[in-house]
Amino acid sequence: MIFDNKFVQQRIEKANILKNAGYNPYANNSKRNTTIAKYLNVNADVANTESKRDEKRHYIVSGRIKLQRIMGKASFIKIEDESGMLQVYVARDNLPEGFYNDIFKKNIEVGDIVEVGGYPFVTGQGELSLHADSLQLLTKAISPLPEKFHGVTDKEIRYRKRYLDLIMNTKVKKTFQTRSKVISLTRRFFEDKGFLEVETPMMHPIAGGANAKPFVTHHNALSIDRYLRIAPELYLKRLIVGGFEAVFEINRNFRNEGMDATHNPEFTSIEFYWAYKTYKDLIRITKEYFEYLFDHLNLPTLLPYGDLEVNFANFQEIPLIESLTTIGGVPADVTGDATKIVEYLNAKGITVKPGLNLGQLQGELFDEFVEEKLIDPTFITEYPVEISPLARRSDENPAITERFELFIAGREIANAFSELNDPVDQLSRFEAQMAAKDSGDDEAHEMDSDFVEALSYGMAPTAGQGIGIDRLVMLLTNEHSIRDVLLFPAMKPISAEESVLQNTDEE
RNA sequence: GUCUUGUUAGCUCAGCUGGUAGAGCACGUCACUUUUAAUGAUGUGGCCGAUGGUUCGAAUCCAUCACAGGACACCA
């Protein structure tokens, strides 16, 4: 049974004692008239008065009891609401006859949510507190809180029972407040630039727009399978064909792949598409976007990330091939020759799948020797066409695309390019992806002929970009696991779960 | 998917080369009207992740499984 723990039983018994005495342990008559942060702010002046108190003021605040120090006929408790923590002085003689001994001391405890009324005063130790003349239990907690000093540190408990993590670890609350602000600021930034926020399907007949394995679900009425989207890209571009000139979508993508410190099966990204612009414009708007975020989040441009320090005033821009030599240290005569690259990689003890083309091998070199060295924000540009199936070719050099990826602290944060809008070229790139799929690449793009048809009606020259919001938040909050920036990260069930599909089929 | 390290009271953790389970916090009882992880006294609290094996005897050794952390592989 869920409540058979003896500590829980003990607390249920306390709730029952209160009920039997006609006292509701789940009262619904809160009269709170301020928050703790406001209380502390408004009454800060009390410290400067002679008596260190102002009995003419009166406030009602509410919160969860985090600490309780009972000293006979008087007690200190610390209560916490969303805004902060407040010390409350509770003395027997300021409360109704019998309340302090019979109700407060015996049946109210750490973890319970209470409401207190009283006046501000400063204790002998100099802490602005509340001198209580009323105290009411609002919610009896029947499960005890984790240890008051160490809190809950077990990662499994923190992720599975995030509410406990939030109760016990104030830093966690901060992280998710920052996350919320990042999303809100992102929305505002693009709206202010004239972008239209849109919502495109999450259930796709073809999982397109990225190299990834999709989740499959089933539509009963139509008897067809649908894929959870791996990217919104192809729908957003259809909207550009339709005549919208600047659109964005902030929402979830789903990829059926491994989980680790930087991958969750569902993750949030923003993708935005901008007609009559190129990837050069995207570099400019991206810099502006970061400036906007740092400004509104009050972050220093020298931002610590683990052992690293990232200088957000030092955006760099370098073509991929050039970075292989200048940053990766790969000799220039190697980087343009597939055979020499394989030899070079083998000499370094790295084996690659046979049959990779030049562009793919350059990608290997980049992943191996360059990526982790990109600490300050760096736009890597001019990607080989072989690893950029949706990007527009450079007019000067058809082997490379008008594309960049933004790397910060050794990690990819954004991916952007001037979009391919030649429908015949797009068709042949899909066909190449089909060939790759046939030869065993199960992450190659699917043919999406409806999308190619959309392009056939003409898409204005367009630049598009995706930014991984989770990784961005990790960077801004100095967190090193994606689970620490997701309120409810994906976890395996503790006991074997039956297949959801089987259950619904029976209905 | 592979390797690796964990899993002991509600929480944080001890428990050595096998000999019937420990602390702190929390909780109960008592004392205490300005404390700061309040303090002092005292008591309750455990299927040692699960299942097998070795052994006279297993929290401890071995195997399998489950879950989690870390690393690698794949990716964003």
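Throughout, a chain's letter reflects where its sequence line sits, starting with A, and its residues are numbered from 1.
- For an aromatic pair to be called close, the ring centres must be under 6.0 Å apart, and A:Y279 with A:F417 fails this.
- Applying the side-chain contact (heavy atoms from CB on, under 4.5 Å) rule to A:A44 yields no partners; only residues at least two apart in sequence or on another chain are considered.
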All N/O contacts under 3.5 Å from nucleotides 70-73 of chain B to the protein, with atom names and distances to one decimal?
| residue | atom | partner | partner atom | Å |
| --- | --- | --- | --- | --- |
| B:G70 | OP2 | A:R483 | NH1 | 3.2 |
| B:A73 | N6 | A:D260 | OD2 | 2.9 |

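- The separation between A:I108 atom CD1 and B:A26 atom C1' is 17 Å, rounded to whole Å.
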Requested in this report: With salt bridge (Lys or Arg N to Asp or Glu O under 4.0 Å) as the test, would you mind laying out the steps for A:E127 and A:K78 before giving the verdict?
Outcome: CA-CA 12 Å; A:E127 181 168 345; A:K78 292 229 172 178; 2.9 Å; yes

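- With sequence neighbours excluded, the residues forming a side-chain contact (heavy atoms from CB on, under 4.5 Å) with A:L486 are A:R179, A:N264, A:D470, A:I482, A:P489, listed by chain and number.
- For B:U35, the base has no donor-acceptor partner in the side chain of A:Q125 [N/O atoms by modelled type, under 3.5 angstrom].
- Note on A:M491: only backbone sugar-phosphate atoms sit closer than 4.0 angstrom, heavy atoms only; bases stay farther off.
- A:E364 is linked by a salt bridge (charged side-chain N to carboxylate O under 4.0 Å, His left out) to nothing, counting only residues two or more places apart in sequence or in another chain.
- With sequence neighbours left out, the side-chain contact (heavy atoms from CB on, under 4.5 Å) criterion links A:N16 to A:I12, A:E13, A:K19.
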Can you give the donor-acceptor pairs under 3.5 Å from side chains of residues 374-383 of chain A to other protein atoms, not counting sequence neighbours?
| residue | atom | partner | partner atom | Å |
| --- | --- | --- | --- | --- |
| A:D376 | OD1 | A:N311 | N | 2.8 |
| A:D376 | OD2 | A:N314 | ND2 | 2.8 |
| A:T378 | OG1 | A:D376 | O | 2.7 |

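- Taking the C1' atoms as reference points, B:C65 lies 29 Å from B:C56, given to the whole Å.
- For A:N478, the side-chain contact (heavy atoms from CB on, under 4.5 Å) partners two or more places apart in sequence, or in a different chain, are A:Y305, A:H480.
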Identify every side-chain donor-acceptor pair in residues 58-65 of chain A under 3.5 Å, counting partners at least two apart or on other chains, and give the distances.
| residue | atom | partner | partner atom | Å |
| --- | --- | --- | --- | --- |
| A:H58 | NE2 | A:G118 | N | 3.4 |
| A:H58 | NE2 | A:D133 | OD1 | 3.2 |
| A:H58 | NE2 | A:D133 | OD2 | 3.2 |
| A:S62 | OG | A:E115 | OE1 | 2.6 |
| A:R64 | NH1 | A:G111 | O | 2.9 |

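- Whole-Å rounding puts the A:K148 NZ to B:G24 P distance at 13 Å.
- The base of B:U34 lies outside donor-acceptor range of the side chain of A:E127, with no N or O pair under 3.5 Å.
- For RNA chain B, the residues of residues 64-76 of chain A within the heavy-atom distance limit of 4.0 Å (strictly under) are A:L67, A:R69, A:I70, A:M71, A:G72, A:K73, A:A74, A:F76, sorted by number.
- With a 3.5 Å limit on both pairing distances and Watson-Crick or G-U wobble geometry required, the stems of 3 or more pairs in RNA chain B span B:1-7 with B:66-72, B:10-13 with B:22-25, B:27-31 with B:39-43, B:49-53 with B:61-65.
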**Report entry** Protein proximity profile, nucleotides 6-12 of chain B - base contact B, sugar-phosphate-only contact S, no contact -, cut-off 4.0 Å on heavy atoms
**Finding:** ----BBS

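- Open room surrounds CZ on A:R252; 12 or fewer heavy atoms of other groups in view lie less than 6.0 Å from it.
- Scanning for side chain to side chain donor-acceptor pair (under 3.5 Å) contacts around A:E271 gives A:Y273, with sequence neighbours left out.
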